[in-house]
Amino acid sequence: MLLQEGLWATLRLSEKFILLLILSAFITLCFGAFFFLPDNSKHKRFDLGLEDVLIPHIDSPKGGKHAAGQWWASAMASLLSPMSKKNATRSERWACECVCVCLRMMKHAWDSYRQYGWGHNELKPLAKKGHSTNIFGNSQMGATIVDALDTLYIMGLHEEFKDGQEWIEQNLDFGVNAEVSVFEVNIRFIGGLLAAYYLSGQEVFKLKAVQLAEKLLPAFNTPTGIPWAMVNLKSGVGRNWGWASAGSSILAEFGTLHMEFVHLTYLTGNPAYYQKVMHIRKLLAKMDRPNGLYPNYLNPRTGRWGQHHTSVGGLGDSFYEYLLKAWLMSDKTDTEARKTYDDAIEAIERHLIRKSNGGLTFIGEWKNGHLERKMGHLTCFAGGMFALGADGSPDDKAGHYLQLGAEIAHTCHESYDRTVLKLGPEAFKFDSGLEAVAVRQNEKYYILRPEVIETYWYMWRFTHDPKYRQWGWEAAQAIDKYCRVSGGFSGVKDVYSSNPTYDDVQQSFFLAETLKYLYLLFSSDNLIPLENWVFNTEAHPLPVLHLAGRQGGSS
C-alpha cells in the first residue's frame, strides 16, 4: 500500500486530510454516486381498497448531490492523478474511464437536444431540429426530457436535471388534443416521472404522473377491459392500430402496465389503477393458450386471440418481463405473477428456443404452427430477464436459467460482432447457412437500441464476468464512433456498410436506456442495487414495495 504506517506518520494533518480527500473523490467518481437506497425508516400506509399495504416512502437518496455532478471539468484529471493510479486496480481505472465516456456521451446527447430540440419529443440531430412520431400524437410533450430525467439524476448531472424539472413544471400539459400510444406514454412518461419522484423526492413528478394516468384510464373502456392501443388525451376516445390483427390489442402493450399502475395506486391510495391491471391478469389466466404460448394479439371487443403469432421480441417481449418484475417489485410476495412467468418461460423454452448449427442459442418466433428461425434485437433483452429470474425459479433451475441468459447474451454479441460497424441489426436469421446476420435490407438498421447492453448489464451484475464489460465497451465505442454527429446521436440504416447513412433521429430511449445501462455497467453494484429497485421496460427504476401482512398471492 502507498499509505504505509511509516509514511503516514510523517505527514502533517493537513497533508493527511488532502490525501484522504483525493482518495474519496476518486472512489466517488469511479463508482458514480452515493448509494441510492430506499429509506425504509419512513413508511406511508395506503388503502388499496383490497387490503392494507405498507410501503416505503422515499424522500431522496442518501447523501444528496454526489460528486459526479461536477465531473465535466476535472473527471479525467482526477482519474489520472498519481494518487489514483497507485491506489486503484487496473480494471477499476479502466471502468472509471468508461464511466467518464458514458457521461460525455450523455452530455452530448442532452446538450444537443437542449440546444436544438427543447420541448419537442425527440431530436433530429443532423437537421438540428425537433422530431415527433405518431406514438406521441405529433404533440410537443418533451418526451426526451421526461425519459432522460432519472439518467441525469443517477449520473449526477443535477443542473441538467433541474432544467428538465423546470420545463415539466411550466410546460408539461396533458390537456392537448393528441392521440397517443397508451403503452409508450406509460413506460416513458409515467415510468419516467415516477422514477424521478422516487429518486429526487420532488412532488411535481408524482403529481404529473397521476394527472397523465387519469388521461389514460378511458382507454380501458372496452367490453373486455383490455385497453385500446391509443387514446386521445383530450376526448378519451380510444382505438387500436390499423395494422394489428383484426382490430386486436397487442400483448406487449396491454401487458406492460402493471408496474407503473401498481405504484400509482400505492402513491395515491386510488385502487382503480391496480384493479385495471389485475383485471387483465385474471382475464388472461382464464384463456386457453395454444401450446402454453401467449399469442401477440387479443381482440378487446370479443376477448378472443387474434393471429396465432408468439414472440419474445416485438409485440410480446415486455409482457413476460412484467410478470417477473411484478413478483420482484412486490418483494417476492406476488406468487401468482411468478407462477405465470415460470409457466410462460417453460413453454417458450419448449417451443421457441433452439440451437443453431453453429451452436448459437436463439429465440425464434412461432407463426401459425411454424417456428421462424429469426431473432430481433428487441428479443435480446431476454438474456437479462432469464438471469434476473434465475433466483426463485422452480425445480432448482437457477443455474440453468443463468446459463441460458449467458447463451442469449453471447448470441446477441455475435449479432454485433458480425457487422462492419460492430452494432447489431434490427433482426437476424439462423438459416440458409447464415447465423446471427440480417438478410433483408429493412432489417439491417440500428436505431440506438438498448436491449443487448441491458442484457450485458444484468449478466455483469449476476456473474461479474469481465467479458460483459468488455462487450459493453465495444458497443459504446461503436456508438460513439458511428452514431455521434455534431447535433447529437443518430441511428444508422445499414450496420454492414462501412459508409453508413443516418436516420436522423435521436430516440428518447437512447438517453433513458442505452446510456443508463452503459453507465451502470461500469459503475458499482451499489448504484441502484437490484435488491431495492426494479427497472421498468424503459429502464426507469422503481423501488421494491415491502408489503405488510401478506401471505403471498397477487400484489
Side-chain angles (χ1 to χ4, degrees), residues 109-110 112-125 127-153 160-197 200 202-219 227-239 241 253 256-257 260-261 263-264 447-448 488 504-513 516 536-540:
W110 175 264
S112 298
Y113 170 78
R114 181 75 175 85
Q115 182 174 357
Y116 303 118
W118 193 240
H120 290 267
N121 289 316
E122 292 173 322
L123 170 68
K124 294 177 75 67
K128 296 184 177 178
K129 64 181 184 180
H131 171 74
S132 191
T133 64
N134 63 344
I135 61 173
F136 305 119
N138 295 315
S139 58
Q140 291 189 33
M141 292 174 60
T144 294
I145 298 173
V146 180
D147 231 1
L149 277 174
D150 55 359
T151 305
L152 294 170
Y153 199 92
E160 292 81 354
F161 179 89
K162 183 179 177 182
D163 287 344
Q165 179 178 339
E166 288 178 356
W167 186 91
I168 286 169
E169 289 173 336
Q170 297 167 14
N171 299 288
L172 188 54
D173 176 20
F174 303 123
V176 293
N177 183 20
E179 190 179 50
V180 301
S181 164
V182 174
F183 162 74
E184 297 288 358
V185 165
N186 175 64
I187 65 172
R188 301 194 201 205
F189 282 82
I190 293 180
L193 290 165
L194 289 175
Y197 165 69
S200 71
Q202 297 297 312
E203 287 286 324
V204 62
F205 301 128
K206 180 175 75 172
L207 294 174
K208 292 289 186 179
V210 174
Q211 288 172 11
L212 178 54
E214 286 295 312
K215 296 287 188 179
L216 297 186
L217 287 180
W228 299 113
M230 291 174 287
V231 68
N232 186 293
L233 293 178
K234 189 169 186 178
S235 69
V237 174
R239 69 178 179 94
W241 303 108
E253 295 194 342
T256 310
L257 302 166
E260 298 82 2
F261 273 51
H263 269 277
L264 287 165
I447 56 170
L448 307 172
D504 198 19
V505 180
Q506 180 176 283
Q507 306 276 350
S508 79
F509 57 67
F510 178 63
L511 292 84
E513 300 184 76
K516 183 186 289 137
N536 88 337
T537 198
E538 190 78 2
H540 297 307

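What you see below is based on every heavy atom in this structure, not just the backbone, and it leaves out hydrogens, waters and symmetry mates. Numbers for residues simply follow the sequence, beginning at 1.
Scored by the ring-ring contact (aromatic ring centres under 6.0 Å, His included) test, Phe183 finds no partners at all (sequence neighbours excluded). Residues passing the ring-ring contact (aromatic ring centres under 6.0 Å, His included) test with Phe261, sequence neighbours excluded: Phe220, Tyr273. Residues that satisfy the salt bridge (charged side-chain N to carboxylate O under 4.0 Å, His left out) test with Glu214, not counting sequence neighbours, are absent from this structure. Residues meeting the side-chain contact (heavy atoms from CB on, under 4.5 Å) test with Ala143, sequence neighbours left out: Asn121, Phe136, Phe189. Applying the side chain to side chain donor-acceptor pair (under 3.5 Å) test to Glu538 and every residue at least two apart in sequence or in another chain returns nothing.
Not less than 6.0 angstrom separates the ring centroid of Trp241 from the ring centroid of Trp228.
Here Arg188 contributes atom CZ and Glu260 contributes atom CD; the two are 13.0 Å apart, rounded to the nearest 0.5 Å. A distance of 12.0 Å separates CD1 of Ile168 from CG of Leu207, quoted to the nearest 0.5 Å. Atom-to-atom distance recorded for Ser200:OG and Phe161:CZ is 4.0 Å, nearest 0.5 angstrom. Annotation: the span from Gln165 atom CD to Lys162 atom NZ amounts to 9.0 Å, rounded to 0.5 Å. With rounding to the nearest 0.5 angstrom, the CZ atom of Arg114 is 13.0 Å from the CG atom of Leu123. Taking CD from Gln211 and CD1 from Ile190, the interatomic distance works out to 11.5 Å, rounded to the nearest 0.5 Å.
Side-chain contact between Asn134 and Met230 is absent, with no heavy-atom pair separated by less than 4.5 Å. Between Tyr113 and Ile145 the shortest side-chain heavy-atom distance falls below 4.5 Å. Residues His120 and His131 are not in side-chain contact: their nearest non-hydrogen atoms beyond the backbone lie 4.5 Å or more apart. Contact of the His540 side chain with the Asp147 side chain is registered, since non-hydrogen atoms from C-beta on lie closer than 4.5 Å. Contact check for Leu212 versus Leu233: side-chain heavy atoms found under the 4.5 Å cut-off.
Looking at Leu149, Leu194, Val210 one by one, the single match for side-chain contact (heavy atoms from CB on, under 4.5 Å) with Phe205 turns out to be Leu149.
For residues 136-145, the set of pairs meeting the side-chain hydrogen bond (donor to acceptor under 3.5 Å, both in side chains) definition, not counting sequence neighbours, is empty.
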